[in-house]
Student: 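Please read through the structure below; I'll follow up with questions.
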Amino acid sequence: MTNIHDLDFLSKQVHDLKDQGVYRKIPVLESANDAEVIIDGKSVINLCSNNYLGFATHPRLKKAAIDAIEKYGVGAGAVKTIAGNLNLHEELEEALAKFKKEEAVMLFQSGFNCNAGVIQAITQAGDLIISDELNHASIIDGVRLSRADKAVFKHSDMNDLERVLIEKRAQYNQVLIITDGVFSMDGDLAKLPEIVELAEKYKCLTYVDDAHGSGVLGENGRGTVDHFHLHGRIDFTIGTLSKAFGVIGGYVAGKKIMKEWLAHRARPLLFSTYLPPAVVAPLIEAVKMLSESDEYTKACWDNANYFKEKMKKAGFNIGHSETPITPVFIGDEAKTVLFSKTLLNEGVYVSPIIFPTVPKGTGRVRVMVSAAHTKAQLDQAIECFIKVKNSLEQ
Ligand SMILES: *Cc1c(COP(=O)(O)O)cnc(C)c1O
């Protein structure tokens, strides 16, 4: 007799993953998430974190976190709507609203949480949500939680979006068009100006998840909406505080009335404890640093452009990214995994991205260059890429 508590149904599925060659052990970093990290006791160049600006280890952010702990302790103590809303949270929301040039910002515990809470709160039965087919998993999950009907358009295909609008617009009350601002697998931007035009033509609301754009694109990292000069024409702009901002958290920027409603209906704010002081204070500092100076975003772009240029010259296919995200295409799945393993042995840490995350045959290692890398580190990484490419071609 087998015992059901041995969870054989899971063992079988894990076994299947191993058979398909997609089983992965989660890597352990034995150091801070910096330009170089220690893995298995060895220092390697880190080209796969989302810490675009090097803020995760920045001295000004660390100091703000330590000071906040001294004053406020380590926990918020409650959900936002009961007793977890500190003046620090309010200060961060105001600073972010100003930075994003929006009326109001509501903070969430993460970008994922923000999508899970906001989409459901702002839509209802009788509404339609139209979503780009490559939108992030947290959008897909957020959409699943809504009682609205759902439709998907082909990735960044404006004819297909308009086809859905022509077919369906008249049957619904509100229609919400949702897109990533930056698509994280290829680094391409949403066609926001066209999306906004279609939204205005068909009287739809717009929702942009700018997780990879905030802190990176636009004036001083104000994001994709700023990059396209679309202030005031996007209804809901989501951002994360876990990537370029270096800590953790998410937010939605938009109208004051949106914030009032979310305070009553966004479930993560009603049923999950709020962000701790040591998270919020360094984020206030991060917004201050970005508002004061474009040196951080400039350094990130400068490094990214340097890396891309040299990789192209070395004959690598790096796709058509419009952001610091640099996919280096290998193609075959097994070869992609082998490429990243060999690179790690050579001292460069990148993540392999293969089917089913991306289409079959488009396996790639995804390079995330940050402001914290030195040119010497980038040069060394490029040399390793060339060495590994040559060794695997023989
Ligand atoms: C990373 C990401 C998120 C999740 O953000 P977290 O703050 O890490 O939870 C949400 N949406 C998109 C598009 C992302 O890339």
Side-chain angles (χ1 to χ4, degrees), residues 26 33 48-53 55-56 61 89 92-93 96 100 105-120 122 129 131-146 152 155-156 176-192 195 206-218 221 223-225 227 234 236-254 266-269 272-276 279-280 282-283 286-287 300 321-327 351 353 357-358 366-368 370:
I26 299 177
N33 195 316
C48 54
S49 91
N50 297 318
N51 178 23
Y52 286 101
L53 306 176
F55 280 7
L61 275 75
H89 295 105
L92 176 56
E93 288 176 337
L96 272 172
K100 300 291 286 187
V105 156
M106 183 64 101
L107 261 187
F108 283 78
Q109 297 90 335
S110 72
F112 197 107
N113 231 319
C114 186
N115 281 325
V118 174
I119 298 170
Q120 141 172 264
I122 59 169
I129 300 172
S131 184
D132 187 290
E133 67 178 341
L134 293 191
N135 277 345
H136 190 258
S138 59
I139 296 177
I140 295 170
D141 286 9
V143 170
R144 278 186 190 145
L145 292 170
S146 164
V152 170
H155 176 52
S156 279
L176 180 67
I177 303 173
I178 305 189
T179 182
D180 280 18
V182 174
F183 290 88
S184 61
M185 292 304 150
D186 292 295
D188 55 321
L189 302 186
K191 294 187 174 139
L192 275 193
I195 290 175
T206 44
Y207 183 111
V208 177
D209 178 350
D210 204 26
H212 282 276
S214 56
V216 179
L217 285 158
T224 308
V225 174
H227 170 83
I234 302 284
F236 306 95
T237 304
I238 276 62
T240 178
L241 302 164
S242 331
K243 289 174 179 146
F245 285 80
V247 194
I248 192 166
Y251 62 89
V252 54
R267 293 163 72 83
L269 302 180
S272 183
T273 300
Y274 218 27
L275 290 167
V279 160
V280 183
L283 287 168
V287 178
C300 177
S321 171
E322 300 166 83
T323 67
I325 297 170
T326 309
S351 52
I353 296 177
T357 306
V358 293
R366 188 181 57 168
V367 174
M368 309 292 278
S370 94

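Quick caveat, the model's predicted, so the values are computed rather than measured. Order of listing sets the numbers, starting from 1, for every ligand and every atom in it.
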Student: Does the ring centre of His155 sit less than 6.0 Å away from the ring centre of Phe183?
Tutor: yes

Student: What are the atoms of ligand 1, with element, lying closer than 4.0 Å to any heavy atom of Ser242?
Tutor: 6 (P), 7 (O), 8 (O)

Student: Tell me the nearest of Gly181, Ala211, Gly239 to atom 12 (C) of ligand 1, using heavy-atom distances.
Tutor: Ala211

Student: Just to confirm my output: which protein heavy-atom neighbour is closest to atom 3 (C) of ligand 1, and how far is it?
Tutor: His136 CE1, 3.4 Å

Student: Run the side-chain contact (heavy atoms from CB on, under 4.5 Å) test on Asp209 and Asn135 for me, step by step, so that the C-alpha distance in whole Å, both residues' side-chain angles and the decisive distance to 0.1 Å come before the verdict.
Tutor: CA-CA 9 Å; Asp209 178 350; Asn135 277 345; over 6 Å; no

Student: Consider ligand 1: state whether an atom of it lies below 4.0 angstrom from any non-hydrogen atom of Gly250.
Tutor: no

Student: So, using salt bridge (Lys or Arg N to Asp or Glu O under 4.0 Å) as the criterion, who are the partners of Arg144 when residues are at least two apart?
Tutor: Asp141

Student: To which protein heavy atom is atom 15 (O) of ligand 1 closest, and what is the distance rounded to 0.1 Å?
Tutor: Lys243 NZ, 2.6 Å

Student: Please list the nearest protein heavy atom to atom 11 (N) of ligand 1 with its residue and the distance rounded to 0.1 Å.
Tutor: Asp209 OD2, 2.6 Å

Student: With a cut-off of 4.0 Å, which atoms of ligand 1 are near a heavy atom of Ser138?
Tutor: 10 (C), 11 (N)

Student: By salt bridge (Lys or Arg N to Asp or Glu O under 4.0 Å), which residues pair with Asp186, not counting sequence neighbours?
Tutor: Arg364

Student: For Phe245 and Tyr251, take the angle between the two ring planes, folded into 0 to 90°, and tell me which bin it lands in: parallel under 30, tilted 30 to 60, perpendicular over 60.
Tutor: perpendicular

Student: Roughly how far apart are Ile234 CD1 and Tyr207 OH, rounded to 0.5 Å?
Tutor: 12.5 Å

Student: Between the side chains of Thr224 and Asp210, does any donor sit under 3.5 Å from an acceptor?
Tutor: yes

Student: For ligand 1, which atoms have a heavy atom of Asp180 less than 4.0 angstrom away?
Tutor: 13 (C)

Student: Please identify which atoms of ligand 1 are closer than 4.0 Å to at least one heavy atom of Gly249.
Tutor: 7 (O)

Student: Could you tell me whether some N/O pair between Thr240 and ligand 1 is separated by less than 3.5 angstrom?
Tutor: yes

Student: Please confirm whether Ser184 comes within less than 3.5 Å of ligand 1 when only nitrogen or oxygen atoms on both sides are compared.
Tutor: no

Student: Show which atoms of ligand 1 fall inside a sub-4.0 Å distance from at least one heavy-atom site of His212.
Tutor: 15 (O)

Student: Could you check atom 6 (P) of ligand 1 against the protein and tell me its nearest heavy-atom contact, residue, atom and distance included?
Tutor: Gly111 N, 3.4 Å

Student: Quick one: pull up CG in Leu92 and CG in Leu275 and give me the separation to the nearest 0.5 Å.
Tutor: 8.5 Å

Student: For the 3.5 Å polar cut-off, considering only N or O atoms, please tell me whether Phe112 and ligand 1 meet it.
Tutor: yes

